[in-house]
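First comes the structure, then the notes that go with it.
Worth knowing before you read on, the calculation uses all heavy atoms, side chains too, and leaves out hydrogens, waters and symmetry mates. Every chain is numbered from 1, with letters handed out A, B, ... down the list of sequences.
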Protein chains: 2
Amino acid sequence: MNIKFAILGFLSWRPFSGYDLKKIFAQSQSLYWSGNNNQIYRSLVQLHQEGLLESEIQLQENNPARKLYTITALGQSALREWLTSQPEPPQLRNTFLIQLAWADQLDDKELEKLLVVYEEELKLQLLIHTERERRGSPNPARTEREKCLWRMISQNWSAVYQNELSWVHQLRSELRKFSGQTEPKERKKDHE
Amino acid sequence: MNIKFAILGFLSWRPFSGYDLKKIFAQSQSLYWSGNNNQIYRSLVQLHQEGLLESEIQLQENNPARKLYTITALGQSALREWLTSQPEPPQLRNTFLIQLAWADQLDDKELEKLLVVYEEELKLQLLIHTERERRGSPNPARTEREKCLWRMISQNWSAVYQNELSWVHQLRSELRKFSGQTEPKERKKDHE
DNA sequence: GTTGCCATGTAAGGTGTTACATGATTTA
DNA sequence: TAAATCATGTAACACCTTACATGGCAAC
């Protein structure tokens, strides 16, 4: 999957310029792309070449001209086909798990600190996400059902972070069983 | 983060050849790379150039020679530094969420089918993961603490899939409230 | 005699990122 | 005068993927 279908999706609402889309992507978290120019402008050109979009130049006073892109019938049907296509499973790429895989080389304190820092990072991300959702999405939400979908998409993100947080808690409590065994020279202290 | 630290991690256990590593990556799920040659062999060359690895050619009878890579002291300290570095939050890239964002264009049946198919996909992935974990990991697990870490890494994957599954269930039950309202020609039914 | 394993490596391309370039207008 | 916004686009590069190339040996 690439960003093209997300662009088609937005253009199925109404026409946008590349600059509009760039801002939308930059704002949104669920649309996880960075919103960089390169990708968006090139995608628009390609979609246009494939006949999925039409473009129209809008002249403005005091501001540079903008290229408004409109979805074509072909684009609509391409979008619809993608919508009903086999969904991919989520891509789970968590660098931290790989860090953990060799974290037995750290002593108890270092490991505990790593987990605490990861937990803080997760909390921060959760906060950023909820804050971003609070200040309006660029989402017209024309029907109740669409509102429901968008609410659940946002909730998916929260749920993932919360799931991760509770996993970290479990891990920390599991690891407490081993504390004091890393430096076998020292004798064990009671739960420090 | 890139694959190099994962490679350093394995070599901190014992020397491996590129071919060994390729197989390890291909087997493992938590190490989410595909295990393709290009990346592994080039990473090994680069790590070698950076002085983090030493290589030694092992001649064999009946089989082609292999290059055994050994981690250097510099490599060990680079690994250790990475292990204690600021952990990144998980990268959440779930294409399905983007598919859902415009799924209001589908009718009730199509949408329900999409969710069912996604659920099946998740169950399948969960199964594949647990099956892969069941048949031995390439993990020596020298200490109890390391065993615990690897167990929790594997459990993280299960937890993520299960979290996703319960989210789909919730979504499906939410959507049942709207069924029958997709064709607006029909008159509106009670509470809206 | 084709397929598969061992073991190395390269080519080509997809996807995404940051940073740069231009040039006018508005705001501090 | 410096910066931010509007609006377009390009350059360079990082990372990752599939597929190809070679070549001997073993198994069916």
Taking N and O atoms by type only, does the side chain of A/Asn37 place a donor or acceptor under 3.5 Å from a partner on the base of D/dT10?
no
Candidates D/dC15, C/dT17, D/dT18 - which lies nearest the side chain of B/Ser34:
D/dT18
Considering only D/dG9, C/dA7, D/dC16, which nucleotide approaches the side chain of B/Gln60 most closely?
C/dA7
Under 3.5 Å donor-acceptor pair, A/Asn63 side-chain atoms to D/dT5 base atoms
no
Nearest-nucleotide pick for B/Tyr41, side chain only, options being C/dC6, C/dT17, C/dT8
C/dT8
When you get a sec, tell me which of D/dC20, C/dG16, D/dC6 is the closest nucleotide to the side chain of A/Tyr19?
D/dC6
Which nucleotide in the set C/dT15, D/dT17, C/dA7 lies at the smallest distance from any side-chain heavy atom of A/Gln39?
C/dT15
Ignoring hydrogens and angles, state whether a donor on the side chain of B/Glu133 or B/Gln29 is under 3.5 Å from an acceptor on the partner side chain.
no
Comparing B/Asn62 with B/Asn36, nearest DNA chain D nucleotide closer to 5' gives the residue B/Asn36
Strictly by modelled atom types, are A/Glu121 and B/Gln86 linked by a side-chain donor-acceptor pair under 3.5 Å?
yes
Candidates C/dG16, C/dC6, C/dA11 - which lies nearest the side chain of A/Trp33:
C/dG16
Quick one: label B/Lys22 by what it contacts on the DNA or RNA (base, sugar-phosphate, nothing), any heavy atom closer than 4.0 Å.
nothing
Starting at the 5' end of DNA chain D and moving along, which residue's nearest nucleotide shows up first, A/Arg42 or A/Pro64?
A/Pro64
Hydrophobic cluster of B/Ile128, others only, ordered by chain and residue number, side-chain cut-off 4.5 Å:
B/Leu124
A/Tyr118 versus A/Glu164, side-chain donor and acceptor atoms under 3.5 Å
yes
